[in-house]
Amino acid sequence: DYNENGIQGFEQKVGAVTKRFTPQQIVYGHSFNPYDDLGPGVSPLQVALEAAGIAKNVNQWAAGFFEHGAIPALLLHTDSTLPRGEAERIEGAWNRMVSGVRNAWKAVVLQGGLKPEVIQPPVNTLALPELQAGGRAQIATAMGIPQTMLEDAANFATAKEHKQSFILDTIAPECEMIQEVANEQLFQLYGLKLQFRPQDLDILQEDEEQR
């Protein structure tokens with residue numbers, strides 16, 4: 001809760017219960033927001049959500065496709081005029097005959113001049129692996145994670161270099177932000193100081209020794 005005079009407090013809502021806290025009761029910091037100096041910034045997760053949604057939908061489509069016997073979307077059509085209610089009856093009967101993995105290899109006999117027509121593009125033309133790889137790349141970029149940490153690196157040296165980059169370019173700046181707000185708003189009141197020391201990690205110490 002903030003206005004032109006700064007942050008006035010914080011509210012937490014759990015169901016119908018609302019609790020209010022003063023700025024002195026909360027240790028808080030926020031990601032950079034170019035449009036707002038006080039309000040919360042745009043989180044990496046928020047940036048990654050669209051790509052994550054694509055990956056989720058691809059997985060759900062693939063699961064549903066095989067769950068229903070890997071049968072593509074079909075259109076049943078006939079040149080004859082169907083009596084009232086017959087289309088719904090045929091649709092229900094068709095779904096019972098072919099839906100599900102257990103019916104994947106059943107023979108189906110169509111009557112009344114019905115003809116099935118596939119209206120779904122072939123699975124191998126849907127570029128599902130490319131969609132998944134593109135989504136993974138966008139998520140990794142948004143979260144500041146080198147892709148080689150999520151897949152096989154070209155070689156050990158490259159993997160190690162990217163892991164160091166992840167620590168120095170993503171983890172360390174996050175630590176500095178947390179450390180700054182925690183010291184300013186909490187620890188210095190008790191004569192204490194929080195300090196992250198990523199440079200003491202073994203993977204960075206090895207690099208220092210080589211220097």
Legend entry - Intermediate values then yes/no, side chain to side chain contact (heavy atoms under 4.5 Å, CB included), L192 and Q188: CA-CA 5 Å; L192 302 174; Q188 70 176 11; over 6 Å; no

Inset, instruction - Locate the shortest heavy-atom distance separating G135 from A51; write the atom from each residue and the value. - result: O-CB, 3.8 Å

Legend entry - Reported CG-to-CD1 distance for the pair N59 and I54, which is rounded to 0.5 angstrom: 12.0 Å

Legend entry - Derivation of the side chain to side chain contact (heavy atoms under 4.5 Å, CB included) call for Y28 and I7: CA-CA 11 Å; Y28 58 93; I7 295 177; 3.5 Å; yes

Legend entry - Minimum heavy-atom distance A182-V27, with the two atoms named: CA-CG1, 4.0 Å

Inset, instruction - To the nearest 0.5 angstrom, please state how far the OG atom of S165 sits from the CD1 atom of I145. - result: 11.5 Å

Inset, instruction - Could you tell me whether a side-chain N or O of Q164 sits under 3.5 Å from a main-chain N or O of I203, the two making a donor and an acceptor? - result: yes

Inset, instruction - First locate atom CD of Q24, then atom CG of L186, and finally report the distance between them rounded to the nearest 0.5 Å. - result: 12.5 Å

Legend entry - Point-to-point distance, once rounded to the nearest 0.5 Å, from CD of Q195 to SG of C175: 11.0 Å

Inset, instruction - Linking directly or through intermediates, with side-chain heavy atoms under 4.5 Å: list the remaining ILVMFWY members grouped with V47, chain and number order. - result: V42

Legend entry - Nearest heavy atoms of N33 and G41, plus distance in Å: CB-CA, 3.5 Å

Legend entry - Within 6.0 Å of CD in Q8, more than 12 heavy atoms from elsewhere: yes

Inset, instruction - Taking all heavy atoms of A142 and all of A48, pick out the closest pair and write down the distance. - result: CB-CB, 3.8 Å

Legend entry - F10/D1 under side chain to side chain contact (heavy atoms under 4.5 Å, CB included): CA gap, chis, key distance, verdict: CA-CA 6 Å; F10 296 89; D1 177 20; over 6 Å; no

Inset, instruction - Answer yes if V17 and I26 sit in the same cluster of Ile, Leu, Val, Met, Phe, Trp and Tyr residues linked by side chain heavy atoms under 4.5 Å apart, and no otherwise. - result: no

Inset, instruction - Applying side chain to side chain contact (heavy atoms under 4.5 Å, CB included), name anything that partners N183, two or more places apart in sequence or on another chain. - result: Q179, F187, K193, L194

Inset, instruction - State whether the side chain of T141 and the backbone N or O of A137 hold a donor-acceptor pair below 3.5 Å, judged by distance alone. - result: yes

Legend entry - Which atom of A140 lies closest to which atom of Q147, heavy atoms considered: CB-CG, 4.0 Å

Legend entry - Residues forming a ring pair (Phe, Tyr, Trp, His ring centres under 6.0 Å) with F21, sequence neighbours excluded: none

Inset, instruction - Would you indicate whether the side-chain heavy atoms of N57 and Q60 approach each other to under 4.5 Å? - result: yes

Inset, instruction - State whether the side chain of Q205 and the backbone N or O of Q199 hold a donor-acceptor pair below 3.5 Å, judged by distance alone. - result: yes

Legend entry - M177 side, atom CE; H30 side, atom NE2 - distance, nearest 0.5 Å: 9.0 Å

Legend entry - From E174 atom CD to T170 atom OG1, the distance as rounded to the nearest 0.5 Å: 8.0 Å

Legend entry - Polar side-chain atom of Q25 near backbone of T22 as donor-acceptor pair, under 3.5 Å: yes

Inset, instruction - Mind running side chain to side chain contact (heavy atoms under 4.5 Å, CB included) on T18 and Q12 for me, showing each step along the way? - result: CA-CA 6 Å; T18 300; Q12 179 192 45; over 6 Å; no

